[in-house]
Amino acid sequence: MKEERMLRAIGEIDDDLISDAVTDTHTRNSWIKWGSIAAMLVLCITAGIFTANILYPGILRLGSWGSAANSIVLLDVNPSISLTVDADDRIVAAEGLNEDGRLILEGMDFTGADITVAVNAVIGSMLQKGYLSDLQNAILVSVENDDAEKSSQLQKRVSDIIGNALQSGNLEGTVLSQSLSGTTDLEQMAQAYNISLGKAALIQEVMALDATLTADKLAPLSITEIALISQSKNLAPSALTQNGTASNKAYISQDAAIEIAYSYANVETKDVTGVKAEFDSDDGIMIYEIDFRAGTTKYECEIDARTGQVIQYETENLAPSAPGGSHNHQSANAGQPANTQPPASTQQPAGQYIGEEAAKEAALAHANVSADSVSYINVWLDYDDGHPEHYEVEFAVGSAEYEYEIDMYSGSVLKFEMKDTSHHHADPHHKGSSSADIGAEAAKEAALSHAGLTAEQVSKLKAEYDYDDGYALYEVEFECNGYEYEYEIDAATGAVLKYEIDD
Amino acid sequence: MKDEEIIALYWKRDEQAIAATAEKYGSYCRSISYNILRSNEDAQECLNDTWLGAWKSIPPQRPNRLSVYLGKIVRNLSLNRARSYTAQKRALGQTDLVLSELEDCIPAKDDVEQTLDEMILIKSINQFLRAQPRQKRNIFIRRYWYLYPIRNIAAAYGMSESKVASLLFRMRNELKTCLEKEGITL
């Protein structure tokens, strides 16, 4: 029966959710309080006294925390934390909004403490755990309070506390701050991407200034990464106050990226006219997007900003094509006599083309991959409007997928794209730094010690790096005495996230 | 006694483990079973089976949260018993009601038939729940994991029963939409 299947599936939800459901005493009290506030509100309104907003600013979202709640302060790095404070800036509730946020708050109870104490402790913990570092140095402060003046005061106060805390941690950080008013749009975005309202607001601001950026691209990034993209594109979100600059130390320099692009295209610096290099994101990976022109050719190159690897490459010939040159992009200036191509309806005899085998070879040679190491390879002549354009070659090696466009006459690479579906090179940018990766061996050890076993006692021991919902982890598996063990180990901390034992 | 100490007893094969477990988590587990079966006698039998289940599975298991680990065992055992009673048409606690409510979250048949991996379903439910505000999430879990009567939930949160019922109704529909978006069919 389907309903029973659903009931059983609900039975297997995460442990923390199950235990939280019956320990939410906070909730219990606050709902009762919320009920009485609601009653008061009704009284105020019926009596014609419209003071409700002054008495209880932000009541719609704050209401659930009871009468004491006055503002919500959201802190985002990658860990997202929500601090609810009363009118005297004392903590009413602190909540981690994502896995990392909960980790930061673990074992901390700020109830009744001044916000200075809480923010200092949170920043200290982020520094200690490596979420804030030379590489990831940006923190976003978002304050929600219907009273604009109070909101900007609190914004300033929290920013100053953080500034001081970072300074004493010897970190040149950057603090971005903004006021928030939760609109339906924002709430939908926050919910869809499982990010805080503050981060959603930042993304919306940045997106509004550059049409090429999307929430899909930006949501998986850390605040530092979003700030870097916005910095390099010279976007200046007006609603945002920023102190300091986002760190680019985790990445190769822009000059280095440009050099890689030139040498990849086999172009001399002196021949280049007009180059543009910007940070961008591709599937949650930080990249440099480098556009330049040399002679009559336009180049577009995407480079993994961490490794310097070229992941996408495209050329376009802006001049009327010459025989043997690139034919795939016709010039707008088609009246020029240099264009010797026949009308589209009469196809050229295939004999003039290099052929599918040669196109394959050209692509494989470019990728430096041997024909027997690919798991599949497809090649075909690509037509546009019945007109042959170029060869398309697609193949995969391991988890890396390659796509090529090969010139039909010369066999030169017109366009190239490589995607690694395993996200191996997207090392934990959600974590403080790449050094936060404990490695496969340590992950194995963590799982074994949890199971109370040694490597000698088990068989089929293996650890695999995985990226689950933006969370870097190792999947460790082994067998012992007829039992199969499966672990998920946090790639940054070595903590056991999940485990299963089956016989 | 701390959970780690209790688990250590299990690993030492010390039968004190069961007494300690029953003392610490007896009422927690009993309420889960009672919600499902509405019978003290049945609940007690399920409880005994639960302690046995824990004894047999720890080791090799080393639960992170002993409460939930036991809760899952007692929930499954109680649901098994409830199912056998349904076959005999004996009246039950919340089970029948909850099952008929859950009809709302069954995704409509889609053209794209996906052989459903239980793990995918569970993951989607987890995601759905994590995206919910805490109160709503907890109310949902109290109803569909713990099978608490709606009256009981309403009292705990200071809400009216009709409010709880309509909140749950909306959440079931949301969950259904959510599962359909993921292309999940049951």
Side-chain angles (χ1 to χ4, degrees), chain A residues 1-36 61 64 93 95 97-99 187 190-194 450-453 468-469 480-485 495-503, chain B residues 11 28 31 57 59-65 67-69 71-72 75-76 79 82-83 86 95 98-107 116 118-119 121-127 129-135 137-148 156-159 175 179 185-186:
Chain A
M1 189 162 95
K2 287 174 180 178
E3 291 79 24
E4 181 165 351
R5 198 155 162 215
M6 182 66 78
L7 189 59
R8 299 278 182 176
I10 291 170
E12 296 304 318
I13 60 173
D14 291 344
D15 289 5
D16 61 317
L17 296 179
I18 299 167
S19 65
D20 187 54
V22 285
T23 48
D24 57 344
T25 46
H26 245 311
T27 321
R28 199 173 308 182
N29 296 334
S30 62
W31 276 104
I32 295 163
K33 279 187 200 147
W34 165 224
S36 56
R61 255 173 54 80
S64 56
E95 196 185 352
L97 300 179
N98 56 13
E99 206 61 51
E187 278 175 20
Q191 189 156 352
Y193 292 98
N194 202 7
H450 183 274
L453 296 166
D468 192 7
D469 290 337
C480 182
N481 294 334
Y483 288 100
E484 278 174 27
Y485 294 73
V496 175
L497 299 171
K498 212 189 248 178
Y499 73 97
E500 242 181 73
I501 303 169
D502 289 320
D503 52 10
Chain B
W11 277 72
Y28 174 79
S31 72
S57 58
Q61 300 269 19
R62 196 188 280 280
N64 266 338
R65 278 176 214 262
S67 60
V68 176
Y69 182 76
K72 282 184 174 174
R75 185 180 187 270
N76 277 327
L79 286 176
R83 187 173 44 192
T86 313
T95 319
V98 162
L99 282 173
S100 70
E101 286 172 29
L102 285 177
E103 216 175 306
D104 293 342
C105 12
I106 309 294
L116 179 69
E118 224 57 36
M119 294 311 288
L121 174 62
I122 294 162
K123 196 173 165 199
S124 300
I125 298 172
N126 270 323
Q127 266 169 2
L129 288 173
R130 288 206 186 274
Q132 298 294 325
R134 189 168 176 227
Q135 284 96 340
R137 176 172 69 220
N138 287 346
I139 288 172
F140 185 94
I141 295 170
R142 280 181 187 231
R143 179 66 180 152
Y144 300 114
W145 200 91
Y146 290 96
L147 286 92
Y148 273 113
Y157 289 89
M159 298 163 96
L175 174 58
L179 295 175
T185 47
L186 287 175

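So you know, we letter chains A, B, ... as the sequences are listed, proteins then strands, and number each from 1.
- Taking both residues in full, the closest heavy atoms of B:W145 and A:G11 are given as NE1-O, 3.0 Å, listed atom of the first, atom of the second, then distance.
- With a threshold of 4.5 angstrom between heavy atoms, A:A451 approaches chain B through N, CA, C or O but not through any side-chain atom.
- Within the model, atoms CZ of B:R137 and CG of A:D20 stand 6.0 Å from one another, a figure rounded to the nearest 0.5 Å.
- Residue B:P133 does not touch chain A at all, counting heavy-atom pairs closer than 4.5 Å.
- With 3.5 Å as the limit, one finds a donor-acceptor pair spanning the side chains of A:R8 and B:N76.
- Taking CG of B:N64 as the reference point, atom CG of A:D16 lies at 10.5 Å (rounded to 0.5 Å).
- Residue A:N481: no heavy atom, backbone or side chain, is found under 4.5 Å from chain B.
- Interface check for chain A: of the options B:F140, B:Y148, B:Y146, B:Y28, the most heavy-atom pairs under 4.5 Å are formed by B:Y146.
- With sequence neighbours excluded, the residues that form a salt bridge (Lys or Arg N to Asp or Glu O under 4.0 Å) with B:R143 are B:E101.
- Residue contact with chain A, scored on non-hydrogen atoms closer than 4.5 Å, is absent for B:Y69.
- When atom types are taken as modelled, the side chain of B:R65 and the backbone of A:S19 share no donor-acceptor pair closer than 3.5 angstrom.
- A:N98 is not listed as a side-chain neighbour of B:R130, based on a closest heavy-atom distance of 4.5 Å or more.
- Note: B:N126 leads B:N126, B:I122, B:D104 in heavy-atom pairs under 4.5 Å with chain A.
- A distance of 5.0 Å separates CD1 of A:I13 from CG of B:L129, quoted to the nearest 0.5 Å.
- Ionic pairing of B:K123 and A:D14 is not present here: no N-O contact between side-chain nitrogen and carboxylate oxygen is shorter than 4.0 angstrom.
- B:Q132 has its side chain within reach of A:Q191: a pair of non-hydrogen atoms, C-beta onward, lies under 4.5 Å apart.
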Quick one: do B:K72 and A:D15 satisfy side-chain contact (heavy atoms from CB on, under 4.5 Å)? Show the steps, please. CA-CA 9 Å; B:K72 282 184 174 174; A:D15 289 5; 3.0 Å; yes
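- Distance CD/A:E4 to CG/B:L79: 6.5 Å, rounded to 0.5 Å.
- Of the inter-residue distances, the one linking A:I18 atom CD1 with B:S67 atom OG reads 8.5 Å to the nearest 0.5 angstrom.
- For B:R62, the parts lying near chain A are the backbone and the side chain together; criterion is any non-hydrogen pair under 4.5 Å.
- Nearest approach of B:I141 to A:A21, heavy atoms of both residues: CG2-CB, 3.6 Å.
- With rounding to the nearest 0.5 Å, the separation of CE in A:M6 from CD1 in B:I125 is 5.5 Å.
- Counting heavy atoms from C-beta outward, B:R75 and A:I10 have side chains that approach closer than 4.5 Å.
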